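To start, the structure under review is shown below, and the notes come after it.
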Amino acid sequence: MLALSILLSLPLQTTTDAAVGWNSVFKVSLLKQTVFHTTFGTIWMIEMALLVILFSSLLLTKKVFPAAYGSFLLIAALMLCKASIGHTAAVNNQVLAVIMDFFHLLGMSLWLGNLLALVLLLPGESKKEKDNSIYWQTIQRFSTFAIVFVLILLVTGIYASVQHVSSIQSLVNTLYGKVLIGKVLLMLIMIGMGAYHFFRGKFKEKN
């Protein structure tokens with residue numbers, strides 16, 4: 001999914017730079033213009049190189065832990081690339097904006113990535129024990145990390161919101177503001193679900 005989003009970001013950026021629609025964007029000349037003559041194109045080529053290294057490391061590395069740490073570093077580098085382009089270019093202090101957006105993207109990736117791993121892998125492991133102790137112990141351990149990830153998301157998200165939404169009217173009447181409201185609501189739901197499992201795990205632990 002990450003690779004697909006990076007691949008599609010090139011024609012998407014080209015539609016903006018060349019002021020053309022999707023039906024005309026796949027001309028080689030237009031894509032080459034974006035790749036070789038824009039800052040976005042330079043970063044996009046770096047992203048593609050990182051993707052090739054990432055896929056190669058996953059396919060060729062037989063040892064699990066080196067592959068995991070290497071993948072983490074490559075994903076972090078990709079998040080930094082993503083933070084370097086996009087809406088961060090519209091603020092005055094671009095360096096701080098890129099840093100905050102990087103931590104926002106990385107925190108979200110770690111939070112959702114770990115949640116996905118729990119959903120896909122944990123049920124199968126917990127079935128091996130009658131009391132589901134592995135399940136609840138893992139939930140408890142992850143909760144500590146989840147709190148850190150959520151705090152990072154809150155701090156960096158508030159910073160980005162202040163930079164791009166200057167008033168209540170902007171929050172309600174702009175597309176960015178509406179998407180922001182949706183993200184906040186979804187995050188509150190996820191935090192509520194996480195808190196439910198955290199306290200349920202505490203209850204299970206006591207009993």
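Residues: numbered from 1 along the sequence shown. Just the heavy atoms: all of them, side chains too, but no hydrogens, waters or symmetry mates, feed the values below. From a predicted model like this one, the values you see are computed outputs, not experimental measurements.
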**OP:** Using the rule that two of Ile, Leu, Val, Met, Phe, Trp, Tyr join whenever any of their side-chain heavy atoms come within less than 4.5 Å, decide whether Val172 and Ile158 are in one cluster.
**Re:** no
Looking only at heavy atoms, the pair that brings Leu50 and Cys81 closest together is CD1-SG, 4.1 Å
Non-hydrogen side-chain atoms of Asp101 and Thr156 separated by less than 4.5 Å
no
Rounded to the nearest 0.5 angstrom, the CG-CG distance for Leu106 and Leu78 is 11.0 Å
Close side-chain approach of Asn114 and Phe145, heavy atoms under 4.5 Å:
no
Between Gly107 and Leu153 the two heavy atoms that sit nearest each other are C-CD2, 4.2 Å
Closest non-hydrogen atoms of Leu30 and Ala18, given as atom of the first, atom of the second and distance, are CD2-CB, 3.9 Å
Here the pair of heavy atoms bringing Ser5 nearest to Leu2 is OG-O, 2.7 Å
_For the backbone of Thr34 and the side chain of Thr38, can you confirm whether one donor and one acceptor N or O come within less than 3.5 Å of each other?_
yes
Heavy atoms of Leu10 and Leu31 approach each other most closely as CG-CD2, 4.1 Å
- prompt: With a 4.5 Å heavy-atom cut-off, do Trp111 and Met187 have their side chains touching?
  reply: yes
- Report, as yes or no, whether the 6.0 Å neighbourhood of atom CG on Leu8 holds more than 12 heavy atoms from other residues, nucleotides or ligands. yes
One should read off an interatomic distance between Ser9 OG and Ile6 CD1, to the nearest 0.5 angstrom, of 6.5 Å
dist Leu186:CG -> Ile181:CD1 (nearest 0.5 Å) comes out at 12.0 Å
Is there a path from Val20 to Phe40 through hydrophobic residues (I, L, V, M, F, W, Y) whose side chains come within less than 4.5 Å of each other?
no
Which of Val155, Leu105, Ile152, Val95 passes side-chain contact (heavy atoms from CB on, under 4.5 Å) with Met100? Answer is Val155
Side chains of Trp22 and Leu12: does their closest heavy-atom pair fall under 4.5 Å?
-> yes
Checklist entry - Hey, any chance Val148 and Met108 share a hydrophobic cluster, counting ILVMFWY side chains that come within less than 4.5 Å of each other, even indirectly? => result yes
Query raised in the report: Just wondering, are more than 12 heavy atoms of other shown residues or ligands nearer than 6.0 Å to CE in Met193?
Result: no
Value for OG (Ser71) from CD1 (Ile53), rounded to nearest 0.5 Å, stands at 11.5 Å
All heavy atoms of Met79 vs all of Phe102, minimum pair found to be C-CD1, 3.9 Å
Does any part of the side chain of Gln13, heavy atoms only, come nearer than 4.5 Å to the side chain of Trp44, both counted from C-beta? no
- Just wondering, do Met48 and Leu51 contact through their side chains at under 4.5 Å, heavy atoms? yes
Interatomic distance, NZ@Lys82 vs CG@Leu80, rounded to 0.5 Å, equals 12.0 Å
Validation row: Val150, Met190 side chains within 4.5 angstrom (heavy atoms): no
In this structure, are over 12 heavy atoms from other groups packed under 6.0 Å from Tyr176 atom OH?
yes
Rounded to the nearest 0.5 Å, the OG atom of Ser161 sits from the CG atom of Leu180 at a distance of 4.0 Å
Please examine the side chains of Phe142 and Ile139, heavy atoms only from C-beta on, and report whether any two atoms are closer than 4.5 Å. no
- prompt: Taking it one step at a time, do Phe26 and Thr14 satisfy side-chain contact (heavy atoms from CB on, under 4.5 Å)?
  reply: CA-CA 9 Å; Phe26 291 101; Thr14 304; over 6 Å; no
I'd like to know if Val52 and Ile46 are part of one continuous hydrophobic network [Ile/Leu/Val/Met/Phe/Trp/Tyr, side-chain heavy atoms within less than 4.5 Å]. no
